[in-house]
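Every heavy atom of this structure was used, including side-chain atoms; hydrogens, water molecules and symmetry mates were not. Being a predicted model, the structure only gives us computed values, none of them experimental.
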Amino acid sequence: MPYLDDPLIIFTDLDGSLLDHHDYSWKPAQPWLDKLAAANVPLILTTSKTSDEVAALQTALHLTHQPFIAENGAIIHLPPGWQTQEQEPVHVMGARYSDIRQALVDLRQRYDFEFRGFGDVTPKQVAVWTGLPEAQAELAMQREASEPLVWFGNDLDFAHLKKCLSREGLALTRGGRFWHVMGTDAGKGQAVQWLSQLYRQQRGVPVASIGLGDGPNDLSMLETVDYAVVIKGYHEHQMPVNDGNGSQVFRTTEFGPHGWSQGLNHFITLP
């Protein structure tokens, strides 16, 4: 179990984890947010949301001095205190959005695949899919390196789509509501590993990491950190966390921010 004397860094998913699945509230987690802020523990938002969405949430959560990971690990934003001469404020892992969209459009025209991405529809439709207000849905459409999809076809065609995307250097990741297309070398796990290494370099000492998430797109993150919190989710997907790196895994009995707090209570003791 991490102790307060050890350098600690926390990576958290948002939807269904720190944020409630239904109303996107984090209020049940506020006591822990206050504790982490008082102890100067970095809390890194690690989400499928876009940079614009995360920036707004960072402001509301008073986390603008921390980095964040957006679009399922395809985008890493560094605040001034984390930037070095070698590092730009924004680090892109994988393919750019325009290239992903072009590949998807070409494949759909060639094979008549039945899907719709955010780039195919209006903010009103994205609002229906996500439950977000239309203004926030517009922020969710400001993508840089990944595309959420809704699949309408059969399993055979879906397997074909996966193979086609792989030949294009792209991969599908399952989120809570959507499939996400991004570069094969992008992902929450890769982003967490990259950012943890940068943090260790800055501090010059080993760092203990905690990850919290509820969905299949969180698995690579949960398998990368030292202490993994699998938050009970509103889905039927299996969450088989491979703890081959020696990480400890705790599965919550509560959902959303209640489960998020339950996980931190299990691993950390703070005043």
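A donor-acceptor distance shorter than 3.5 angstrom exists from the side chain of Gln58 to the backbone of Leu63, with no hydrogens or angles considered. Checked by atom type and distance alone, the side chain of Asp226 pairs as donor or acceptor with a backbone atom of Ser209 at under 3.5 Å. Checked by atom type and distance alone, the side chain of Glu168 never pairs as donor or acceptor with a backbone atom of Cys164 at under 3.5 Å. Here the side chain of Arg200 pairs no donor or acceptor atom with the backbone of Val205 at under 3.5 angstrom. Side-chain atoms of Gln142 do not come within 3.5 Å of backbone N or O of Asp52 as any donor-acceptor pair. Judged by distance alone, the side chain of Glu254 and the main-chain N or O of Gln262 form no donor-acceptor pair under 3.5 Å. Checking side-chain atoms of Arg96 against main-chain N and O of Asp99 turns up no donor-acceptor pair under 3.5 Å. Between the side chain of Ser220 and the main chain of Gly189, a donor-acceptor pair closer than 3.5 Å is present.
Within 6.0 Å of the CG atom in Asp23, the count of heavy atoms belonging to other residues, nucleotides or ligands exceeds 12. By the 6.0 Å contact criterion, CD on Gln125 is enclosed, its count of non-hydrogen atoms from other residues, nucleotides or ligands being greater than 12.
Here Lys188 pairs with Asp218 in a salt bridge; the nearest charged N to carboxylate O distance falls below 4.0 Å.
Residues Pro216 and Met239 approach most closely at N-SD, 3.6 Å, considering heavy atoms. Residues Leu198 and Trp82 share a closest heavy-atom pair of CD2-O, 3.9 Å. Taking every heavy atom of both residues into account, Met141 and Val121 meet most closely at CE-O, 3.3 Å. In this structure, Val92 and Ile75 approach most closely via the heavy-atom pair CG2-CD1, 3.8 Å.
Side-chain contact between Val230 and Arg251 is present, with at least one heavy-atom pair separated by less than 4.5 Å. When side chains are defined from C-beta on, Pro148 counts as touching Arg143, because their heavy atoms get closer than 4.5 Å. Side-chain contact between Asn72 and Ser146 is absent, with no heavy-atom pair separated by less than 4.5 Å. A 4.5 Å side-chain heavy-atom check between Leu104 and Phe113 finds every atom pair outside the cut-off. At least one side-chain heavy atom of Met93 sits under 4.5 Å from a side-chain heavy atom of Ile76. Residues Glu71 and Tyr97 form no side-chain contact, since every pair of their non-hydrogen atoms from C-beta on lies 4.5 Å or further apart.
The side-chain contact (heavy atoms from CB on, under 4.5 Å) test applied to Ala29 returns Leu18, Pro257, Trp260, Ser261, not counting sequence neighbours. With sequence neighbours excluded, the residues forming a salt bridge (Lys or Arg N to Asp or Glu O under 4.0 Å) with Arg101 are Asp120, Glu147, listed by chain and number.
Side-chain rings of Trp179 and Phe158 approach one another, their centers coming within less than 6.0 Å. Between Tyr111 and His160, the distance from one ring center to the other falls under 6.0 angstrom.
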Starting from the C-alpha separation in whole Å, work towards a yes-or-no answer on side-chain contact (heavy atoms from CB on, under 4.5 Å) for Gln248 and Phe267. CA-CA 9 Å; Gln248 298 185 35; Phe267 281 127; 4.0 Å; yes

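If you check the side chains of Trp26 and Gln30, you find a donor sitting under 3.5 Å from an acceptor.
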Got a list of side-chain donor-acceptor pairs under 3.5 Å for residues 38-51, not counting sequence neighbours?
residue : atom : partner : partner atom : Å
Thr46   : OG1  : Ile44   : O            : 3.1
Thr47   : OG1  : Lys49   : N            : 3.0
Lys49   : NZ   : Asp15   : OD1          : 3.2
Lys49   : NZ   : Asp15   : OD2          : 3.4
Thr50   : OG1  : Glu53   : N            : 3.3
Thr50   : OG1  : Glu53   : OE1          : 3.3
Thr50   : OG1  : Leu139  : O            : 2.8
Ser51   : OG   : His77   : NE2          : 2.8
Ser51   : OG   : Glu144  : OE2          : 2.6

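A cation-pi arrangement, defined by a distance under 6.0 Å to the six-membered ring centre and an angle within 45 degrees of its axis, is present between Arg108 and Phe115.
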